Amino acid sequence: MPDWQALIRDIPDFPKPGVVFKDITPLLADADGYAAAVDAMAAPWRGVALDAVLAVESRGFIVGAALARALGTGFVPVRKPGKLPARVHAQDYDLEYGSDRLEIHADALSPGARVLLVDDVLATGGTLRAALALARQQGAIVVGAAVLLEISALEGRARWEPDVALEATLAC
Ligand SMILES: O=P(O)(O)OC[C@H]1O[C@H](OP(=O)(O)OP(=O)(O)O)[C@H](O)[C@@H]1O
Ligand SMILES: Nc1ncnc2[nH]cnc12
């Protein structure tokens, strides 16, 4: 276990009773830990041809933007409803503690663009699958997906597309 993994803490019963929330804010606040986490997330993708990192609001932005800079790619935001100013494509999805909708600008990706999906946590996988659908709707090639932390018990990986590489830096 990398020593910075200890900077992710468990918060019981947040945001709902029965959910153990994996809180990455202590890791983000630690300069060395944050840098090490981003380096480790980037490692499998160095040398892979990529045009953009596509990351999901809001915690996904914190790791996704840093990863885009580390890999030298553009950054495409996928946002919660009503936040993007131009025409959007939308996708409804379920996650561990509810359901929501994600949006992407309709002109965010060119057909054939090579995209890496990025988020902080993989739980049930609903969020990442919605991001995959949004990218593909625009004709992008989803080269893979990168998450900082996979919550294995929630089996998001089992619902992921086996043909698309999914790299989790940490698993619990
Ligand atoms: O695999 P899933 O079950 O879909 O869960 C993972 C998602 O849940 C969290 O986002 P959340 O919607 O809580 O939003 P936030 O990033 O704004 O906190 C997390 O940042 C992932 O995006
Ligand atoms: N248990 C959890 N902790 C942190 N983020 C999450 N996203 C979905 N489930 C989560």
Side-chain angles (χ1 to χ4, degrees), residues 1-2 4-30 33-34 37-38 40-42 45 52-68 70 75-85 88-105 108-109 115-137 140 142 144-172:
M1 173 178 110
W4 46 268
Q5 185 169 355
L7 295 170
I8 298 175
R9 64 184 173 185
D10 286 358
I11 308 290
D13 300 320
F14 182 89
K16 288 183 174 174
V19 175
V20 179
F21 191 86
K22 299 290 179 181
D23 179 20
I24 65 168
T25 61
L27 172 63
L28 298 173
D30 185 283
Y34 187 17
V38 171
M41 283 187 81
W45 308 103
V53 159
L54 181 156
V56 182
E57 182 179 1
S58 60
R59 281 175 278 148
F61 287 1
I62 301 166
V63 287
L67 213 50
F75 179 85
V76 173
V78 168
R79 298 208 63 180
K80 304 283 168 64
K83 300 289 188 182
L84 289 169
V88 297
H89 292 150
Q91 183 74 39
D92 294 319
Y93 68 105
D94 294 319
L95 75 168
E96 186 184 3
Y97 33 72
S99 60
D100 211 335
R101 172 175 291 215
L102 289 177
E103 295 181 346
I104 188 173
H105 271 148
L109 295 167
V115 170
L116 177 66
L117 310 184
V118 175
D119 210 344
D120 65 328
V121 170
L122 175 72
T124 65
T127 305
L128 213 54
R129 286 200 310 280
L132 177 74
L134 289 170
R136 286 187 166 166
Q137 192 176 356
V142 178
V147 297
L148 176 61
L149 177 65
E150 175 178 357
I151 304 175
S152 306
L154 295 174
E155 299 187 336
R157 189 175 284 276
R159 297 183 200 95
W160 184 244
E161 286 211 15
D163 293 345
V164 181
L166 171 58
E167 295 282 352
T169 303
L170 305 170
C172 65

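This one's a predicted model, so the numbers in the text were calculated from it and none came from an experiment. Just follow the structure's listing: the first ligand is 1, and inside any ligand the first atom is 1.
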Near ligand 1 (heavy atom, under 4.0 angstrom), the protein residues are Glu57, Ser58, Arg59, Lys80, Leu95, Glu96, Tyr97, Asp119, Asp120, Val121, Leu122, Ala123, Thr124, Gly125, Gly126, Thr127
Are Phe75 and Phe61 an aromatic pair by the rule of ring centers under 6.0 Å? yes
Hey, are the side chains of Asp92 and Ser99 touching, using non-hydrogen atoms and a 4.5 Å cut-off? no
Do Val63 and Val118 have side chains that approach each other closer than 4.5 Å (heavy atoms only, starting at C-beta)? yes
Going by the rule side-chain hydrogen bond (donor to acceptor under 3.5 Å, both in side chains), which residues pair with Glu150 if we only count those two or more places apart in sequence or in a different chain? Arg157
With a 4.5 Å limit on heavy-atom distance, are the side chains of Leu117 and Val164 in contact? no
Shortest non-hydrogen contact from Ala70 to Val38? CB-CG1, 4.3 Å
Leu102/Leu134 under side-chain contact (heavy atoms from CB on, under 4.5 Å): CA gap, chis, key distance, verdict: CA-CA 9 Å; Leu102 289 177; Leu134 289 170; 3.9 Å; yes
In chain order, what residues pass the side-chain hydrogen bond (donor to acceptor under 3.5 Å, both in side chains) check against Asp13, with sequence neighbours excluded? none
Distance-only, no hydrogens or angles: does the Gln91 side chain make a donor-acceptor pair with backbone N or O of Ala131 under 3.5 Å? no
Which N or O atoms of ligand 2 sit under 3.5 Å from a protein N or O, and how far apart is each pair?
| from | atom 1 | to | atom 2 | distance (Å) |
| --- | --- | --- | --- | --- |
| ligand 2 | 1 (N) | Val20 | O | 2.9 |
| ligand 2 | 1 (N) | Glu96 | OE1 | 2.9 |
| ligand 2 | 3 (N) | Lys22 | N | 2.8 |
| ligand 2 | 5 (N) | Arg59 | NH1 | 3.0 |
| ligand 2 | 7 (N) | Tyr97 | OH | 3.2 |
| ligand 2 | 9 (N) | Glu96 | OE1 | 2.5 |

